[in-house]
Amino acid sequence: MAEPSPSTSKEAVPISSELYPSGDDLPYEEEILRNPFNLKLWWRYLIARADAPFDKRRVIYERALKALPGSYKLWQAYLRERLDRVRSFPISHDLYGHLNNTFERALITMHKMPRIWIMYLTSLTEQRLITRARRTFDRALCALPVTQHDRIWSPYLTLVSLPGVPVETSLRVYRRYLLFDPSHIEDFIDFLIRSQLWQEAAERLASVLNDDSFHSIKGKNRHQLWLELCDLLTRHATEVSGLKVDAIIRGGIRKYTDEIGRLWTSLADYYVRRGLYEKARDIFEEGLASVVTVRDFSVIFDSYAQFEQSALAAKIETTENGSDGSDGDEGGDKNGIDKLSKKFLEDFWLNDDDDADLRLARLESLFDRRPELLNSVLLRQNPHNVEQWHRRVKLFEGNPTKQILTFTEAVRTVDPMKAVGKPHTLWVSFARLYENHNDLVNARVIFDKAVQVNYKTVDNLASVWCEWAEMELRHKNFQAALELMRRSTAEPSVEVKRRVAADGNEPAQMRLHKSLRLWSFYVDLEESLGTLESTRSVYERILDLRIATPQIILNYAFLLEEHKYFEDAFKVYERGVKIFKYPHVKDIWVTYLSKFVKRYGKTKLERARELFEHAIEKAPAQDVKPLYLQYAKLEEDYGLAKRAMKVYDQAVKAVSDGEKLSMYEIYIARAAEIFGIPKTREIYEQAIESGLPDNAVKTMCMKYAELERNLGEIDRARAVFVFASQFADPRSDSDFWKKWNDFEVQHGNEDTFREMLRVKRSVSASFSQTHLILPEYLMQKDQKLNLEEAVDTLKRAGVPEDEMASLERQLAPSSANLSAKDGSRMMNFISAGVESQPNNEKVNANNEDIELPEESDSEDEKIEIAQKDVPATIFGELAHKVTVDQNKVAGSEESGVNAPLVIPENEAPFFNHISSKKDFDNSILKERY
């Protein structure tokens, strides 16, 4: 007899009445009874009972799935509702078991639906059923096609990455996943690193780097992967084996030059972690000796210094701990022989563990060698850098042997054609090192080798010869120095030139005989140590080679003058002025002319004049002034005053515009001294007419006016002021107008002062482009200011206030009438349209037709202007003088003498010029003359 099942052995559970269909469910139940396999009917039934308890909906779902077990829509909705129901319960609740059974039943027919699998797998993962979930993942991978495996692997990897999952299990899953998608090997490597599986992580990372077709899905380049591998190998040197770490890192050093310092440090760190300290030191030294950038050098040196400091600190700490432990063991009973043998073994120098002093010496030596190591890095960047070689020699100051070795290496390494700096200074410093140690023989050997080097420029080779000769001079070997100079300046033979021309590469030695530096030094030696004839021969040789400079010409001439060869010196000057042109020949001409005049004076006056004429003819305008001054001085001292004036007259025309004013000043000063002040009037007139700049003309006019004032010619001075006023803007040139104002206060009267103010307004209008469109109230203000200035001037002259008031009323009516007339107009408004007239008629203000009064053809028609006499009491004594003058004029008219002032003939051109210089109002001239 069969064993009863558990369901039959238990009593039947009564079904709640709520689970039975109600009256509202009858329409749906009847439709389902008629057509139980219609999905729409079941779905409409579920939607209608959306607010019903879950148990009742569960019964409906079960009935529907029994009728339609292959409906994906029903299974998904049913499973979602069951998932939502169990979320509020702990994972140990029985409902999770029912949920899992429901998923299993669903997968019987839905095993090809990935969404059902993902829902089931996610639920198992949340329940932390690791084994069941892993097996379910495997079932899903077996059931689904390969094209949908990527949807399963993502939650699968999430499962095996949870804490508590055995590492071996995770490894197997990841290895299976790499068979499916090898491109995600970086995720596997990250997992290995998180799991501290350093060996396999290093192997996998090395395999990735060896695969040329690998493409990182995380965007990492091979450089980053290489650095990760190096860090992994060095930080876990004891856990990783089987890989050639040294070869891997050295390959990275050769390939990735921008991370050389870091890679060398990583390689040394690898050996440090493995306990191979001496090997680590060798790696540090090799890195310092091979890097070519200061940044990489700093990285390696800092790591090296930190390693030595750590080793020293660890040794000192170990020594202190050992000494504390040995003190406590002294109480034990030991055999004397054992103690003695142990003492011998411990004190033996090969078995000495106390090497703290050695480690300290290593650290100090490392810091002492830092400048030398850094200099080596800079020289590896550019071995032809001369300055760095000099600095390297200075590092070994006090150690001649190392300095000699450094110089030897430098002169062998530096290529003069590629050198940065002056390569000959290495040879000179090398020889000077032997000289400082009194080894002249080796110093001469060094110089002899130095002069055979093919330098880039002739000046470098010439400098070596000069240094060699100076060394001989310092040791009193004068003849040897002269012989060196003769040897260096010797011209190569024709055969040598032909051979060099055939080679096509002309060395510096072939051009040495034309070196000006060498010849200058040679001629200095000859002047100091040789004879006059030998020195002259050297100078002549320089001139023949056409390498002379103006200074050499002057030196040669001075030498001949010192030995009283004056004519030969003048011949040298003549050769100099033929060789050179301006501006280089300027000093030669000035010296030549001054020396010639000083030597001969008036004895050879005509020859001196010819020289000056020739010099002036060739000189440009900016350099001719000193020559003219010398020429005029010659005429003043030894010639004729008229010729001197003629020279000055030529000079003011020949000099540049910037020097004309100063030249005219000199001309006027000399003319005044020689011929007297009246002679300067002609020069002043010439200067004003010569086309000087406006500022210079104004300056000259002011001086001319001062001259006339000093001579008592007040009217002439005033006329000059009138002429000069056209060049003086009242807004910027207040000095001129102040001087004229002071002049009128001192020498003028009311009419002349008012005329000055009128001229000032006219000039201001001519300089200002906006004056004609100024508002009228500003023009009235200007008139009022001018009136106030006039009143202040009369007040300073001592005129009483009542007389000034009457004069002010005479001057002011025009402005008062104007203000009264336009009082009704708005300020700041210029009418451009219709204006009202006094008789209330409106007239267009901008009529195109302008009515002008008809001109009279009669020339005899005269217009009478009403004049009003100024009270005589205003002028005081001036009125009395005017009365006396009028009586004199009346007497002269009766006697037949012409009253008007007659302009002298020699002054007429000047005043004609004044009246025609510009379109300028010269009413003063017409009134006065």
Side-chain angles (χ1 to χ4, degrees), residues 36-40 42-43 46 54 57-58 60-87 89 91-188 191 217:
F37 303 105
N38 191 336
L39 177 61
K40 291 183 179 181
W42 287 106
W43 193 252
L46 289 170
F54 174 74
R57 290 175 58 81
R58 178 176 59 78
I60 299 174
Y61 272 118
E62 292 290 347
R63 291 170 57 199
L65 291 171
K66 186 176 182 180
L68 299 169
S71 174
Y72 172 75
K73 188 174 184 178
L74 289 174
W75 277 114
Q76 187 187 31
Y78 184 29
L79 293 174
R80 284 190 179 279
E81 288 196 22
R82 298 210 65 145
L83 280 172
D84 294 337
R85 177 173 174 76
V86 301
R87 289 188 191 281
F89 294 96
I91 58 175
S92 59
H93 200 274
D94 293 339
L95 291 177
Y96 277 97
H98 299 319
L99 174 64
N100 294 337
N101 291 333
T102 305
F103 271 113
E104 290 292 342
R105 288 190 295 113
L107 290 173
I108 293 174
T109 56
M110 297 289 107
H111 60 278
K112 295 296 183 182
M113 301 299 174
R115 290 300 306 168
I116 304 298
W117 283 107
I118 292 173
M119 292 169 62
Y120 187 21
L121 295 172
T122 304
S123 176
L124 292 177
T125 302
E126 293 175 354
Q127 298 174 46
R128 292 297 188 269
L129 301 177
I130 305 300
T131 303
R132 185 171 180 178
R134 180 175 56 80
R135 292 174 179 174
T136 305
F137 271 112
D138 294 340
R139 287 167 52 200
L141 292 173
C142 293
L144 293 173
V146 180
T147 55
Q148 296 181 349
H149 281 192
D150 56 337
R151 306 178 65 181
I152 305 299
W153 275 113
S154 179
Y156 201 176
L157 296 178
T158 303
L159 172 69
V160 297
S161 299
L162 293 174
V165 178
V167 177
E168 187 63 29
T169 301
S170 302
L171 284 175
R172 291 177 181 273
V173 172
Y174 266 104
R175 287 167 184 161
R176 287 172 55 197
Y177 176 58
L178 290 180
L179 294 176
F180 169 72
D181 188 1
S183 63
H184 286 75
I185 190 171
E186 291 177 270
D187 297 331
F188 184 34
F191 168 75
I217 60 174

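Quantities reported herein were computed from a predicted structural model and do not represent experimental measurements.
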Chemist: Kindly write out the residues that satisfy side chain to side chain donor-acceptor pair (under 3.5 Å) with R128, not counting sequence neighbours, or none if the list is empty.
Modeler: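 Applying side chain to side chain donor-acceptor pair (under 3.5 Å) to R128 gives none.
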Chemist: How long is the span from the CD1 atom in I152 to the CG atom in L121, to the nearest 0.5 Å?
Modeler: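 Result: 5.5 Å between the selected atoms.
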Chemist: Atom CG in L79, atom CZ in R115: separation rounded to 0.5 Å?
Modeler: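 It is 11.5 Å, given to the nearest 0.5 Å.
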Chemist: Give the intermediate values and the outcome of side chain to side chain contact (heavy atoms under 4.5 Å, CB included) for residues L162 and T125.
Modeler: CA-CA 9 Å; L162 293 174; T125 302; 4.0 Å; yes
Chemist: Taking salt bridge (charged side-chain N to carboxylate O under 4.0 Å, His left out) as the test, write out the residues that go with R135, two or more places apart.
Modeler: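 Residues passing salt bridge (charged side-chain N to carboxylate O under 4.0 Å, His left out) with R135: none at all.
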Chemist: Only counting residues at least two apart or in another chain, list the ones meeting side chain to side chain donor-acceptor pair (under 3.5 Å) with Q127.
Modeler: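 Partners of Q127 under the side chain to side chain donor-acceptor pair (under 3.5 Å) test: N100, S123.
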Chemist: For R57, give me all partners under salt bridge (charged side-chain N to carboxylate O under 4.0 Å, His left out), at least two apart in sequence or on another chain.
Modeler: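 R57 satisfies salt bridge (charged side-chain N to carboxylate O under 4.0 Å, His left out) with E81 only.
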Chemist: Measure the CG-CD1 distance between L159 and I130 for me, rounded to the nearest 0.5 Å.
Modeler: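 Rounded to the nearest 0.5 Å, the CG-CD1 separation comes to 5.0 Å.
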Chemist: Which atom pairs, donor and acceptor, lie under 3.5 Å between side-chain atoms of residues 103-114 and protein residues at least two apart or in another chain?
Modeler:
residue : atom : partner : partner atom : Å
E104    : OE1  : R139    : NH2          : 3.1
E104    : OE2  : Y120    : OH           : 2.6
E104    : OE2  : R139    : NH1          : 3.2
R105    : NH2  : E62     : OE2          : 2.9
T109    : OG1  : P69     : O            : 2.9
T109    : OG1  : A106    : O            : 3.4
H111    : ND1  : I108    : O            : 3.3
K112    : NZ   : A143    : O            : 2.7

Chemist: State whether the side chain of T158 and the backbone N or O of S154 hold a donor-acceptor pair below 3.5 Å, judged by distance alone.
Modeler: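 Such a contact is found between T158 side chain and S154 backbone.
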Chemist: Name all residues meeting the side chain to side chain donor-acceptor pair (under 3.5 Å) criterion together with Y96; count only those two or more places apart in sequence or in a different chain, and write none if there are none.
Modeler: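 Result, side chain to side chain donor-acceptor pair (under 3.5 Å) vs Y96: none returned.
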Chemist: Would you check, one step at a time, whether the test side chain to side chain contact (heavy atoms under 4.5 Å, CB included) holds for Y177 with H149?
Modeler: CA-CA 10 Å; Y177 176 58; H149 281 192; over 6 Å; no
Chemist: For Y156, what residues pass the side chain to side chain donor-acceptor pair (under 3.5 Å) criterion, not counting sequence neighbours?
Modeler: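 Here the qualifying residues are D138.
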Chemist: Holding to salt bridge (charged side-chain N to carboxylate O under 4.0 Å, His left out), I want the full list of residues that pass it with D84, two or more places apart in sequence or in another chain.
Modeler: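 Per chain and number, D84 pairs via salt bridge (charged side-chain N to carboxylate O under 4.0 Å, His left out) with R87.
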Chemist: Tell me, do L74 and L68 make a side-chain contact under 4.5 Å, heavy atoms counted?
Modeler: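 Yes - at least one pair of side-chain heavy atoms lies under 4.5 Å apart.
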Chemist: Listed by chain and number, what are the ring pair (Phe, Tyr, Trp, His ring centres under 6.0 Å) partners of H93, not counting sequence neighbours?
Modeler: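 Residues passing ring pair (Phe, Tyr, Trp, His ring centres under 6.0 Å) with H93: F89.
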Chemist: Begin with the C-alpha distance, continue with both residues' side-chain angles, and end with the deciding distance and a verdict on side chain to side chain contact (heavy atoms under 4.5 Å, CB included) for V165 and R134.
Modeler: CA-CA 11 Å; V165 178; R134 180 175 56 80; over 6 Å; no
Chemist: Please identify each residue that fulfils side chain to side chain contact (heavy atoms under 4.5 Å, CB included) with P145, with sequence neighbours left out.
Modeler: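 Side chain to side chain contact (heavy atoms under 4.5 Å, CB included) list for P145, sorted by chain: T147, Q148.
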Chemist: Please report the interatomic distance CZ(R151) to CD1(I118), rounded to the nearest 0.5 Å.
Modeler: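 Answer rounded to 0.5 Å: 4.5 Å.
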Chemist: Quick one: do T102 and Y78 satisfy side chain to side chain contact (heavy atoms under 4.5 Å, CB included)? Show the steps, please.
Modeler: CA-CA 9 Å; T102 305; Y78 184 29; 3.8 Å; yes
Chemist: Nearest 0.5 Å please: distance from the CZ atom of R82 over to the CZ atom of F54.
Modeler: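 Spacing of CZ (R82) from CZ (F54) equals 4.5 Å.
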Chemist: Partners of R172 by salt bridge (charged side-chain N to carboxylate O under 4.0 Å, His left out), sequence neighbours excluded?
Modeler: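 R172 satisfies salt bridge (charged side-chain N to carboxylate O under 4.0 Å, His left out) with E168 once adjacent residues are dropped.
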Chemist: Taking only residues two or more places apart in sequence, or in another chain, which ones meet Y72 in a ring pair (Phe, Tyr, Trp, His ring centres under 6.0 Å)?
Modeler: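 Listed in chain order: nothing, the list is empty.
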Chemist: Hey, does the side chain of W117 reach the backbone of F137 with a donor-acceptor pair shorter than 3.5 angstrom?
Modeler: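 Not confirmed, W117 side chain does not pair with F137 backbone.
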Chemist: Would you compute the distance between atom OH of Y61 and atom OG of S71 and round it to the nearest 0.5 angstrom?
Modeler: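 The distance works out to 10.0 Å.
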